[in-house]
Protein chains: 2
Amino acid sequence: MAAKRSGAQGKRPQRASVSLQSAEPPLSLERIVATAVDLLDAQGVDGLTMRRLADRLGSGAMSLYWHVDNKEEVFDLALDSVLAYRGPQQLVETQDWRGEVVHMLEDWRAIMLRHPWSASLLPRRALGPSILGRLELLSKTLSRAGVADADLNVALWSLWNYVMGATITRASFDVSDDDRAAAQQRLTRLSERYPTIERSRLLLDSDWDGAFRKGLGFLLDGVAPKQ
Amino acid sequence: MAAKRSGAQGKRPQRASVSLQSAEPPLSLERIVATAVDLLDAQGVDGLTMRRLADRLGSGAMSLYWHVDNKEEVFDLALDSVLAYRGPQQLVETQDWRGEVVHMLEDWRAIMLRHPWSASLLPRRALGPSILGRLELLSKTLSRAGVADADLNVALWSLWNYVMGATITRASFDVSDDDRAAAQQRLTRLSERYPTIERSRLLLDSDWDGAFRKGLGFLLDGVAPKQ
DNA sequence: ACCTGAACACCGTTCAAGT
DNA sequence: ACCTGAACACCGTTCAAGT
């Protein structure tokens with residue numbers, strides 16, 4: 001009936017038998033968050049359920065609520081844990097601000113694509129420390145590159161918008177690869193109505209990485225301080 | 001207990017009494033979709049429930065399933081109905097391709113902001129006729145402006161990404177206006193960690209429309225055919 | 001301090017049945 | 001052809017209770 005779980009144990013974790021090697025470590029915020037990320041990676045946003053999460057942790061469903069206020073908080077914490085920036089925290093003194101910015105944004109995008117649920121979650125929720133850290137670093141880099149204070153927010157939001165849009169789109173298209181082919185088929189059938197995008201095979205053109213870099217380049221041309 | 005419904009009738013629509021003026025028109029796809037849009041506008045994505053939708057339509061919950069396969073289809077139809085393009089379908093012959101593109105994209109964005117649930121829904125679902133029509137028109141305009149076929153997809157996806165990112169972000173920030181102020185407050189308290197974005201008051205800078213237009217300008221500079 | 005089960009008020013959807 | 005209620009297998013969360 002339910003989707004079969006190919007994994008280890010059955011429905012009821014065998015906690016009654018004490019001394020076997022199944023002794024689960026005690027619940028903790030860290031374990032909860034880490035397991036939530038695993039579950040999200042495996043099952044997507046809709047797959048994360050308080051009951052399922054508790055199951056994976058070998059605990060009762062309600063035990064979670066001692067560590068966490070509600071499901072929203074689980075999402076916030078999982079998101080922030082995934083977005084943590086593992087690059088150099090202070091800036092290396094470099095002349096190549098463009099290279100740095102591209103690197104930061106590609107890293108950000110790559111991480112979100114590795115956890116395809118994360119991108120679409122990010123805009124709806126409060127900005128956690130991880131993402132604020134990334135924005136701060138980006139902002140500092142642009143500022144040092146000579147972008148005027150008055151232009152900083154426009155630059156930052158433009159880049160943010162572009163990265164988020166690209167990543168959300170890419171992540172969803174990834175999920176529905178067949179759908180995409182089917183859509184292009186349907187499109188071909190309707191080629192009198194949509195001749196231009198049919199001809200360019202818009203829905204099948206899959207050099208996402210190249211397109212991302214190129215569009216980002218355009219944006220950086222505009223953002224660059226005019227000397 | 002439940003959120004109070006300030007509207008007209010109570011829980012059970014009075015369909016037993018026949019000849020009163022409450023005679024609901026029969027169910028139809030159009031009525032279902034239109035009511036779904038209303039409900040989404042009023043309550044957001046999570047507010048759309050098959051049961052609530054049926055309630056608004058004065059029908060039993062299961063009646064919907066004769067007209068519609070499942071809830072997903074309701075989302076698809078509501079989205080496509082909202083995104084319908086009401087501008088001139090064939091191109092006016094004009095020299096000002098930039099103006100046309102800006103107009104199309106601002107119209108697209110404005111419509112999504114008028115239905116704040118729509119933007120975040122769009123990337124996940126199959127592209128319906130409305131959005132394909134918009135892409136076709138945009139593509140045709142760029143093509144006529146002289147963008148080479150080989151560059152068309154990159155241009156289209158760059159613009160798409162930017163518009164989607166900007167609109168999704170804007171729509172979510174709109175919802176949580178207080179949260180945003182709270183976030184900026186929290187940020188001020190942490191100003192040693194995030195000095196740059198604190199100083200620029202990134203989270204409070206609300207000239208969204210101006211920022212959108214400016215970033216779009218950057219992108220169009222890059223997309224423009226080099227003569 | 002930490003964990004639990006029963007219970008409540010919801011969901012989407014199947015199915016067999018009504019007109 | 002169109003609509004319905006009962007029922008199933010789920011949800012998130014409250015609460016009173018256990019250790």
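Not measured: the values here are computed from a predicted model.
Relative to the side chain of Tyr65(A), the nucleotides dT13(C), dC3(D), dG12(D) differ in distance, and dG12(D) lies closest. Which of dC11(C), dT13(C), dC11(D) sits closest to the side chain of Asn70(B) comes down to dT13(C). Checking dT14(D), dC11(D), dG12(D) against every side-chain atom of Arg52(A), the shortest atom distance belongs to dC11(D). When distances run from any side-chain atom of Trp66(A) to the nucleotides dT4(C), dC3(D), dC2(C), the shortest one goes to dC2(C).
Using N1 to N3 plus N6-O4 or O6-N4 for Watson-Crick, or N1-O2 and O6-N3 for G-U wobble, each under 3.5 Å, dT19(D) pairs with dA1(C). Here dG12(C) sits opposite dC8(D) as a Watson-Crick or G-U wobble pair (both hydrogen-bonding atom distances under 3.5 Å).
Note: CG (Asp46(B)) to C1' (dT13(D)) measures 16 Å, nearest angstrom. Atom-to-atom, NE2 of His67(A) to C1' of dT13(D) comes out at 16 Å; the value is rounded to the nearest Å. Rounded to an integer number of Å, the gap from CZ of Arg31(A) to P of dC2(C) is 14 Å. Residue Asp55(A) contributes atom CG, which lies 14 Å from atom C1' of dC11(D) at whole-angstrom precision. The interatomic distance linking Gln43(A) (CD) with dC10(D) (C1') rounds to 15 Å, in whole Å. Between Met62(A) atom CE and dC15(D) atom P the separation is 13 Å, expressed in whole Å. The distance between atom NZ of Lys71(B) and atom P of dC11(D), rounded to the nearest whole Å, is 15 Å. In this structure, CE of Met50(B) is placed 14 Å from P of dT4(D), rounded to the nearest angstrom.
Base contact: Ser63(B) has a heavy atom under 4.0 Å from a base atom.
Each of Leu202(B), Leu204(B), Asp207(B), Ile197(B) was checked for a side-chain contact (heavy atoms from CB on, under 4.5 Å) with Asn153(A), and the lone residue meeting it is Leu202(B).
We find that Arg213(A) and Glu106(A) are joined by a salt bridge, their nearest charged nitrogen and carboxylate oxygen being less than 4.0 Å apart. We find that Glu72(B) and Arg125(B) are joined by a salt bridge, their nearest charged nitrogen and carboxylate oxygen being less than 4.0 Å apart. Using a cut-off of 4.0 Å between Lys/Arg side-chain N and Asp/Glu carboxylate O, Lys71(B) and Asp76(B) are scored as not salt-bridged.
When each of Arg51(A) and Leu64(A) is assigned the nucleotide of DNA chain C bearing its nearest heavy atom, the one mapping closer to the 5' terminus is Leu64(A).
Ring-plane geometry between Trp157(A) and Trp208(B) is classed as tilted, the angle between the planes lying from 30 to 60 degrees on a 0 to 90 degree scale.
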